[in-house]
Structures are given as C-alpha cells and as structure tokens.
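Positions are given from 1, in the same order as the sequence printed here.
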Amino acid sequence: MGKAVAQEAAATLAPVEVNASTAAQRRFDAAASYDILQLDPFRAATPLVNLSELVAGQPGVAVIDRGNYAQDLQIAVRGFGSRSTFGVRGVRILVDGIPATMPDGQGQAATAQLPSASQVELLRGPLAQQYGNAAGGVLQVTTRDPRPGGGASASAAAGSSGLRVLGASFDFGDRTLGGLLDVSHMETDGWRAHSAAERTHLNGKLVARPDGDTTITALVNLFDQPNAQDPLGLTRAQFDADPRQTPSVADQFNTRKSISQNQLGLVLDRRLGDQDSLRARVYGGKRALRQYLSMSGDALTSAGGVVDLDRDYYGAGVAWTHALRLLSGLPASWTVGLDADRLAENRRGFVNNGGTAGALRRDERDRAGNTDLHAQVDAWVAPTWRVIAGLRSTQVRVSVDDHYITAANPDDSGSRTYRQTSPALGLVWSASDSVNLYANVGRGFETPTLAEMAYSQTNTGPNYGLAASRSRQAELGVKWQGGAWGAQQRLQAAVFDARSRDEIVPAATVNGRTVYQNADRVRRRGAELAWSATAGAWTPRLAFTWLDAAFDSDYQVAGGARVPSGNRLPGTARQTALVGVDYAAPAGWTAGAEVLAASRTFANDVNTAWAPGYAVAALKAGYAFTAGGVRWYAWGRIDNLFDRRYAGSLIVNDGNSRFYEAAAGRRAVVGLRAQFL
C-alpha cells in the first residue's frame, strides 16, 4: 500500500514482493492500521499448513485453528466475523488479488497455499470497508514470484497426532517468462477422536513480461480434501470430563466433509504512460462439497442431514490509476474501478442414514452476484498532510430457485437485492520522519449469506426479509519507528469505534434449520498496540488488543429468552496478548519463544456459557546449512509447551450447547527442507 494509497482502496491489495526494509516502510506510511507479514517458507520453523501459524496474536486479528479440518479457520477482525460457526464471515479474503470471499460474503481461507507465499497483508479499520461487502477487515496472501534461472526444493515434516507433511516446488524460466509450481500433501490422525484429515494442494504461477510496461500473471490453484472427519463441539460437562472425546452422534452419523476446488486466474498490470496505469483481473473456479451433519434430517420439513453442493464462481475487475501534480507541486492520484463477481450453485440435502445419503430433502439452484463501482482520491495537500477520500457503490443480489416442492415443503423460490454506498475519509499527518498520525472514518455493510437467509421461523421459505448489517467506523492511530536504547524499534497504536445496525444473529433452530434475524445495534470499540525491535541477532515483539464488543440494544430470541443491552458479543475475548522473541545467529542457528494469552470468551448471546481465559507457550528452533551443493534447513517446534487444557475455539450459539472445541495439548513437530542450487 504505502504512499501509493490508491492501492489501499482499489479492488485488491497490490501483490508486491519486497524486502524487509521496504515492507517496514510501506507499513509505516500506510494511512491505516495495516501490517505486512513477510514469509520465507524455506526458513519458517512451522509446517505451513494453516494461516493461524503465521497470523495468531496480531493486534486486532483473531485467526484460530479449530483442530477440525471439516470446518475452516475462525477469522475475526476487531470482532467482525466472530459469530461464524463455519467458513469465514465479515472478513474479506484475497489470494493474489482474487477474492476467496464469495459475493454473498461467505469466504474460505484453506485454499491459500502457504509454502509458496511471500507475504500476508492485514488491513483493519474504515479503509477496509472500501473492499465492499463483508469487509470488516481484509486479509490477503500473495504468492512469491518465480526465481529467475529456476530451481527446485523439497520438504518433509512429522509430528504429534500422526501429522505428516510433504512438499515440493519447481521454478523455471527467467524474468521475461518464468513460473513456479508448488505441491504439498498433509495427513493427520487428529488430536481429538474422529478428527483425522488429509489434503493435497497445488499452486502455480506463471509471470510474463513482454515489455517493460506490461506484466501478465496466470494463476492456478487446485485443492483436494477428500475426507475430513468432524469431531463436533462438546458441552461444558463433556469438555471438563475429557476434551479429546467426541459426542456419540459424530460416530452415529459419521460426521465428515469432503471438498474439491479448482481455480484459474489471470491478472494484467499495464503502465499506460508516465501518469497512468491499469490493473485488470479475471478468474473462475469450481467447488464441490459434501458434508455429513450430526443428525438424520429425515423430517419432511427438514433440509436433510447431508449437504451436497456444486458451485461455479467467476469474476472480473479493472482499476485505472492516474497520478498528477497539484498547483502546489505536491503529488496526488485518483483511482476508479469496477468489480463484478458471480456464483451459481446446485445445493441438495439428503437424509443422513447413519453416515450414508438417503432420501432427498432439498434441491435448489442458488445464485449470488455483486457489482461494485469504486473511486478514490489521494492528495498531499501540504508537505506533511495527506487527505484520502474513497467511495464504493455496491449492489448484491441473491436468489433461490427451488426444485424440491412437496405438500410439506412449498416453493421457496425468491430473490433479494441489497445496495450500499460506502464512503471513507482519512487524514494523515507526518509529524516527523519517524512519527505518523492518522485518523479515518467510513461506512460499510455485510449482507446475509445464502446459508443465513435460507430459512424462516415459519418454514414457508427463505428469510428474504433479513436485512444487511450496516456499520460506521472511526479510528485514530500513531506509528513510530526509530533507534532507541541501541535497537531499531517500531511502534503502532490505534483506538477504534464501530457501531452496527441490524446485526445478523441467530433467532432459533427449527428442525435442524438455523434461522437468523436482525438485532438493532452492536458496538465494537477498543485499542491495539504492537511493538517490535531489532537489536543485533535479537528481535523481541509485543502485541496487545483490548476489545469491547457488545450488544447496544435488547433483542429477543425464540422461546422468550431476552438478550439485554450490554451483553458481550460471543466469540470475542476482551483482551488478547502475545509476547515473543526471535534469535538469528550468524552461523545459521535460529530460535524463538512466544506466549499467547486470551481472556474469558462468551459462547452465546445470552452470556450463560463461556470459555475461561488461557495462556500458552511455544518454542521453536532451526539450523540452516549447505551440504552436497544443497541448502538445508532443519527445524522443530513445541506448541502448548506446558500442556494446558483450554477451549481453543467456540461454536457460538450452538443449538445443542456443544460450544467447546478443545485445543490440542502439548505437541511437537520436526521438519527438513532442501533447496537445490
């Protein structure tokens, strides 16, 4: 992002591979709460299977590994996305500039291939709203560029609970035309009962530069997870008795999920002259999913206990940026763009006969699409003052074409269109070469997903009356970098306030169908602090988040229970903190330690169930060397060093009170990577 702030509110966070000093400067100059996590996959002392390995503990961001590959990671930014029980809600996910969040706001993070990634970007606050629907925050993973001259590498890792990870990558070509191909395979027996999984992932990137003004990038991503067992959540009594167990219904209905997703993308970057540049993208993919739930779903009004989904999705986007000089001679730029994304899926439901699919209970064709126009102006109005103004106009349309019509199941066909214009305004003061102060305000919105609007309490069809949640956000921040006490230090702090209307919350569970409604008001406010330093071979770091996420008005759920104003938003910890230190010796040794802590977290809107706070420690070490003309890196790590028992994640508002997903106990993993010179 950096001073080319047009990138901050265009359709994508521009993928740029940078070195450490450049990345730090881009982060410092950004007019927002923005972090770049650089990644060297060869020297990472972690298996690189889940984003939680890299992002956990970042200020304002919660990325939680549920220990359950049948469900995606839980990702929340400043409390947005915390209500999600499956998939990712309220956070916009991009991989190489291509959305991993669908037009209705539902996203997946598992398809980001970390062994070939170069960086992870995190954007929080009002400027994130400029990315459209469900952009309470933005997370992007960028694949590295191919290495000129080619090369190859291989990796292997093994650890607790039967974890096995194998990987290989190949680079070819030169700067004019080069590519990379990365493939990995992971298997695990799972720490909990009934939680085994395996997945195979291929990521490819081809970069062509036919001239000095043009870059064409082709991307391919193939993901296959054929059988991931679902251990489900536990009640508090079950969790206290044995956190490794699974409810009996998991075995009774053989709860599990299979996923296959194949995607292609093409990105064009073209410089049109000294002042103009164009960025365009097109992409398309197919996703097939089958999930066996913990119920039969045989009632005539049920949607079934087996979900079968075949989805096609595609999209295109273009953004034009023009740089200019103001009358004062200071730089300015404007960006205008258009995005259009579509999905169409066949969704069917079957009775779950003890782990096999039975009679049909649901058959429909679902569609969702968004069309977004966006514009931004970025101007230095004085040598130390910069103004940013952005506007995004979004239209989201969702529709259901019902093919399963019976006496008990009337025609559920229908559609709903949501519209929102989201402005954002920011001001940055460069107080000195080492201090930046900024302030931002903006508006955003989040539509209900197809899954959330699928049912109504009367069972007479989809809940087309469910409104989109709309928010207003503001933040103040300061960034400092400089030398002090013999170390190069970086400090970032921010306070924020977000007020939402029509928050989407559960209303009832009817015959296995979760019905949603709108709550009047929700507030999210808090403070974030991040500090790091480099002193010789040592790099200490600290991150802290204070989050007050609560209902700001009363609302009632089915059965008469009332959620009073002031109740905490479930899934949000009031305080989270990370303290760590890394060491890199000149001779090739690396080591590190960190402690991650979180306070008590409520599991339901009525705040009658919660998970206690926890603190866990981790150690890691690695050694890089060259032998036989090959670069080697041997590494190992221990997580949950003191074998703490705690609920790592929560299934919020679960209708069976199975809220708790136990985190794994002490676990160790070792690995070896080879890079052929």
Side-chain angles (χ1 to χ4, degrees), residues 62 64 66 68 71-72 74-76 78-90 136 230-241 243 247 249 293-295 446 448-449 451-452 455 457 463 466 469 500 502-524 547-576 598-614 646-663:
I64 300 172
R66 306 173 65 172
N68 181 356
Q71 306 293 344
D72 212 331
Q74 287 185 332
I75 301 179
R78 293 181 174 175
F80 288 96
S82 61
R83 78 168 187 275
S84 180
T85 57
F86 60 91
V88 178
R89 296 289 292 113
D230 189 347
L232 306 177
L234 300 173
T235 66
R236 184 59 183 268
Q238 290 170 332
F239 175 80
D240 290 341
V249 289
L293 306 176
S294 59
M295 63 179 185
E446 181 180 355
T449 66
E452 288 171 336
Y455 311 116
Q457 293 192 44
N463 187 0
L466 194 59
S469 174
S500 299
D502 293 326
E503 188 83 5
I504 301 168
V505 297
T509 299
V510 181
N511 291 324
R513 299 177 170 189
T514 301
V515 180
Y516 292 85
Q517 65 179 345
N518 293 110
D520 190 19
R521 294 191 299 272
V522 168
R523 72 170 188 270
R524 298 171 175 90
L547 174 64
D548 178 21
F551 295 99
D552 211 19
S553 63
D554 297 356
Y555 83 91
Q556 190 167 336
V557 297
R562 191 159 193 84
V563 177
S565 176
N567 267 24
R568 295 289 311 282
L569 217 61
T572 61
R574 189 179 290 272
Q575 297 101 11
T576 57
S599 61
R600 182 176 69 164
T601 305
F602 286 103
N604 54 4
D605 289 354
V606 293
N607 286 186
T608 57
W610 64 87
Y614 62 87
Y646 67 102
S649 58
L650 294 171
I651 305 172
V652 299
N653 292 309
D654 183 77
N656 298 298
S657 297
R658 295 197 297 257
F659 305 119
Y660 304 92
E661 292 183 300

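Seen from the ring of Tyr660, Arg236 counts as a face-on cation partner, given the 6.0 Å and 45° thresholds.
Between the side chain of Ser599 and the main chain of Gln575, a donor-acceptor pair closer than 3.5 Å is present. The backbone N or O of Asp605 lies less than 3.5 Å from a partner atom in the side chain of Asn567, making a donor-acceptor pair.
Between Asn518 and Ser469 the shortest side-chain heavy-atom distance does not fall below 4.5 Å. Counting heavy atoms from C-beta on, the side chains of Gln71 and Asp230 come closer than 4.5 Å. Met295 places none of its side-chain heavy atoms less than 4.5 Å from the side chain of Val249. Residues Arg568 and Arg600 form no side-chain contact, since every pair of their non-hydrogen atoms from C-beta on lies 4.5 Å or further apart. Between Tyr555 and Gln517 there is a side-chain heavy-atom pair separated by less than 4.5 Å. Using a 4.5 Å cut-off on side-chain heavy atoms (C-beta onward), Trp610 and Thr601 make no contact.
The CG atom of Asp554 sits 10.0 Å away from the CG atom of Asp520 when rounded to the nearest 0.5 Å. Atoms OG and CZ, on Ser84 and Arg89 in that order, are 7.0 Å from each other to the nearest 0.5 Å. Between the CZ atom of Arg524 and the CG atom of Leu547 there is a distance of 8.5 Å, given to the nearest 0.5 Å. Note that the CD atom of Glu503 and the CG atom of Asp552 stand 11.5 Å from one another [nearest 0.5 Å]. Note that CG of Asp654 and OG1 of Thr235 are 10.0 Å apart. Values are rounded to the nearest 0.5 Å. Interatomic distance, OG of Ser82 versus CG of Leu650, reported as 10.5 Å (0.5 Å rounding).
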Given Glu661 and Ile651, is the side chain to side chain contact (heavy atoms under 4.5 Å, CB included) satisfied, shown in steps?
CA-CA 7 Å; Glu661 292 183 300; Ile651 305 172; 3.8 Å; yes
Between Val505 and Tyr516, is the side chain to side chain contact (heavy atoms under 4.5 Å, CB included) condition met? List the steps.
CA-CA 6 Å; Val505 297; Tyr516 292 85; 5.9 Å; no
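Checked by atom type, the side-chain pair Ser294/Arg658 shows a donor-acceptor distance below 3.5 Å.
Residue Val606 comes nearest to Ala561 through the heavy atom pair CG1-CB, 4.4 Å, listed as atom of the first residue, atom of the second, then distance.
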